[in-house]
Amino acid sequence: MRQVEIVQLLVSPVHRFAGRPGDGVPDLPGDELVKTATVRAGLGLVGDRYFNRPAHRDASITLMAIERLPASANGGVEADLLRTRRNVLLRGVDIDDYIGTTVFLDCGTGPVVLEARRAARPCGWMDATLGPGARRALRSGGGVRCRPLTDGVLSVGPAEFGVWEPDGESHA
């Protein structure tokens with residue numbers, strides 16, 4: 001296990017990026033950034049746009065490493081989950097290295113186990129929201145789409161991270 005930080009959590013009831021990136025960035029309500037999020041096994045984050053959607057059950061939560069984001073974008077606007085539309089922003093682990101494994105995050109209330117299924121491919125909106133070249137820069141670091149295997153709660157702040165083993169043992 002290793003200590004990481006959950007920097008931000010995003011629970012958004014609707015898709016925000018519709019149309020074409022050249023049309024301009026839509027309003028990105030700050031109230032979608034939350035301090036805690038409830039996870040339901042096989043369903044996702046309660047209240048999120050992908051929760052219990054059949055097409056997204058195997059990839060309903062997206063984790064991303066803050067270390068992969070540009071430090072500053074769009075004239076000094078800090079990159080965050082509002083702009084990337086991922087759900088969980090982590091510091092201290094390059095989550096993209098864990099595709100194909102089962103991982104956990106434990107914020108002190110018990111582990112939330114997630115199957116890290118596939119890469120979250122950046123789209124053209126990344127250049128509009130994060131700045132020119134962001135889509136290309138995030139090609140191999142745009143985050144990981146996960147399937148939640150257990151119920152639990154994620155909270156902004158320190159968390160333990162590790163690879164979950166079938167026998168219940170874990171390691172970093």
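Here the structure is a predicted model, which means the values were calculated and not measured.
Heavy atoms only, all atoms of each residue included: Ala65 and Asp94 are closest at CB-CA, 4.3 Å. Pairing each heavy atom of Arg68 with each of Asp96, the nearest pair is NH2-CB, 3.9 Å. In terms of heavy atoms, Leu45 sits closest to Val39 at CD2-CG2, 3.6 Å. The nearest pair of heavy atoms linking Val112 to Gly152 is CG2-CA, 3.8 Å. Of all non-hydrogen atoms in Leu33 and Gln8, the two that sit nearest each other are CD1-NE2, 3.6 Å. Across all their heavy atoms, Arg117 and Ile99 have their closest contact at O-CG2, 3.9 Å.
Residues Phe104 and Met1 meet the side-chain proximity criterion, which asks for heavy atoms closer than 4.5 Å. With a 4.5 Å cut-off on side-chain heavy atoms, Leu105 and Pro111 do not count as touching. When side chains are defined from C-beta on, Leu63 does not count as touching Tyr98, because their heavy atoms never get closer than 4.5 Å.
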Between Asn87 and Arg49, is a side chain to side chain contact (heavy atoms under 4.5 Å, CB included) present by the stated rule, with each step listed?
-> CA-CA 11 Å; Asn87 299 110; Arg49 63 205 178 278; 4.2 Å; yes
Steps toward side chain to side chain contact (heavy atoms under 4.5 Å, CB included) verdict (Glu160, Arg2) = CA-CA 6 Å; Glu160 289 189 352; Arg2 78 193 311 171; over 6 Å; no
Evaluation steps, side chain to side chain contact (heavy atoms under 4.5 Å, CB included), between Glu32 and Val11 = CA-CA 5 Å; Glu32 293 179 350; Val11 177; over 6 Å; no
Start with the C-alpha distance between Leu69 and Met64, add both sets of side-chain angles, then the distance that settles side chain to side chain contact (heavy atoms under 4.5 Å, CB included), and finish with yes or no.
-> CA-CA 9 Å; Leu69 291 173; Met64 186 174 205; 3.6 Å; yes
Per-pair distances, 0.1 Å, donor-acceptor, side chain in residues 143-150, under 3.5 Å, sequence neighbours excluded:
from	atom 1	to	atom 2	distance (Å)
Arg145	NE	Ala59	O	3.2
Arg145	NH2	His56	ND1	3.2
Arg145	NH2	Ala59	O	2.6
Arg147	NE	Asp58	OD1	3.3
Thr150	OG1	Val113	N	2.9

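With rounding to the nearest 0.5 Å, the separation of CG in Leu114 from OG1 in Thr62 is 10.5 Å. How far OG1 of Thr101 is from CD of Glu165: 9.0 Å, rounded to the nearest 0.5 Å. Here the CG-CD1 distance, from Leu90 to Ile6, works out to 6.0 Å after rounding to the nearest 0.5 Å.
Annotation: salt bridge (Lys or Arg N to Asp or Glu O under 4.0 Å) contacts involving residues 98-114, sequence neighbours excluded, are absent.
Arg91 meets the side-chain hydrogen bond (donor to acceptor under 3.5 Å, both in side chains) test with Glu5; sequence neighbours excluded. Not counting sequence neighbours, the partners of Ser155 by the side chain to side chain contact (heavy atoms under 4.5 Å, CB included) test are Thr36, Cys107, Val153. Residues satisfying the salt bridge (charged side-chain N to carboxylate O under 4.0 Å, His left out) criterion with Glu67, sequence neighbours excluded, are absent altogether.
Cluster note: Leu43 groups with Val46, Phe51 through ILVMFWY side-chain heavy atoms spaced under 4.5 Å, whether in direct contact or through intervening members.
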